[in-house]
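Structure record follows, encoded as structure tokens.
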Amino acid sequence: MGSRSSMSTIDNPSVLYVTLGCAKNEVDTDRMRALLLEDGFGEADTVEDADAIIINTCSFLASATSESIETTLELADNVAAGVRSRPIVMCGCVPSRYGDELKGELPEVSAFVRADEEDGIVRVVRNVLGMGEPPMQDVCGQALRTIEGTSAYVKISDGCDRFCSFCAIPYIRGAYYSRPADEIVAEVHRLMEGGVREIVLIGQDTGIWGSDFKPRRTLSDLLRLVAEEVRPYGGWVRVLYLQPEGMTDELIATIRDTKEVLPYIDIPIQHCCEGILSRMNRSGSIEELRALFDRLRSEIPGMVLRTTGMAGFPGETDEEAEELASFIAEQEFDYTSVFAYSPEEGTAAAEMADQIDEDVKLERTQRLIDIAEAMGFAATARHVGERVKVIVDGVEQGERGPELIGHAWFQAPDSDGAIHIEEGEATVGDIVSCDLVDSFCYELIGVMVEDGDDL
Ligand code: SF4
């Protein structure tokens, strides 16, 4: 909680942080928060309590850009309704994508900060508040995080060089670069010392981590280093956003043989038909994907698979749409996110002539969602009867009053289902054992049992 200042001479200014989009943005916001805290800024919970507002935006899809702008305008309305001005600083993907165009379009915003400029956030916020220059902050290579909760995302890379034809990320986040291993390990170390027990490694394309180093390094090297850091604490490591080509023999062996690395893999396939994949500027075919998933399941005991499918890519025929639906059904993925293709400004696919009608896209999307849910709900139900460790994430209002909510090893925080703990007492952040007694949709019902408190 930050303290509130009242006049233009600001002694203990507070910042309200609003984060939109994915977990990668949460990590970036946290880094900015850590830099500002180090400079003496407090944190505000409401517009009313804030001296400045940082909105970290998403521009992955046109709808995300619209949401970012609408949220910014709502914040500006709230500021205008108050008795004093509070500058708004817009950060992240929208400024990265639209740059100087925004200055004329959004006069409500006092400063725009691209994703690659966020380490200079202290200077920007001081500037918009009319404060003096900050003391020199050497943030290069620092593992800056605030520590909250028992699970933490750690970004291992940024940018992307793949240029999938539907995706704006390479234009927004720039070229791929890996964070150095020592910086990542230092961040993990601090998080574990601060009470975190689950590390979730993220990036646009985690599988090629280290390929830009000389000599080249691999995600397996990094996983082994991170596993060593979490081992003394009995912690978990989870890795998200692996492209199919990133699943090397070495990586499969590392996941299989490293106890701390969860047998949970998130591989966004987008499609399974070779022709569509090729026009997406991606590689692979249904046979290759089938072989990969068969291999993962046979070599890694208990393998849990998450994927992403896209409906209505330009030129997708009825047969190709059906083939993707059948593949998702056949593979019985534990979790499948489904997206309707949306033409993103500046991407190659947006220029393709054979765009699919919205009605057809929606129909195909719904069909994929129905199949994905049927498979996912069944996969969730298969956990009933297990005894699992659960990280308690919060409290929600259940049918019978407030209940604890948590997640187990087979559920990525914030993206998959949750465990509703119907009996037992615990505090948010605790690790408890639960017998899973029932399920509904992607959710499970757990009853707490005494069985130690390590993961
Ligand atoms: S791998 Fe493809 S979909 Fe993923 S961020 Fe890179 S370009 Fe976009």
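It should be emphasised that the depicted structure is a prediction, and the values quoted were computed from it without experimental measurement. Every number for a ligand or one of its atoms is a count from 1 in the order of the listing.
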Review point. Can T19 and T29 be counted as having a side-chain donor-acceptor contact under 3.5 angstrom?
Key: yes
Check your understanding: Under a 4.0 Å heavy-atom limit, does C164 contact ligand 1 with its side chain, its backbone, both, or neither?
Key -> both
Check your understanding: Once the angle between the rings of Y335 and Y442 is folded into 0 to 90°, is it parallel (under 30°), tilted (30 to 60°) or perpendicular (over 60°)?
Key -> tilted
Practice item. Say whether D370 and Q366, considering side chains only, have a donor N or O and an acceptor N or O under 3.5 Å apart. Key: yes
**Study point:** Ring geometry between F166 and F313 (parallel below 30°, tilted from 30 to 60°, perpendicular above 60°)
**Key:** perpendicular
Exercise for review: Name the closest protein heavy atom to atom 6 (Fe) of ligand 1, giving the residue it belongs to and the distance to 0.1 Å.
Suggested key: C160 SG, 2.2 Å
Exercise for review: Would you mind listing which atoms of ligand 1 come within a distance below 4.0 Å of any non-hydrogen atom of F163?
Suggested key: 7 (S)
Exercise for review: Pick one of side chain, backbone, both or neither for how P170 approaches ligand 1, counting any non-hydrogen atom pair under 4.0 Å.
Suggested key: side chain
**Study point:** C167 near atom 8 (Fe) of ligand 1: N/O/S under 2.8 Å
**Key:** yes
Exercise for review: Give a yes-or-no answer on whether the side chains of H407 and D393 include a donor-acceptor pair shorter than 3.5 Å.
Suggested key: yes
Point to revise | Pair E274, S285: side-chain N/O donor-acceptor within cut-off below 3.5 Å | key: no
Exercise for review: Could you see which bit of D205 sits under 4.0 Å from ligand 1, with heavy atoms only: side chain, backbone, both or neither?
Suggested key: neither
Study note, to complete from the structure: Per-atom filter on ligand 1: closer than 4.0 angstrom to a heavy atom of Q243 are 1 (S), 4 (Fe)
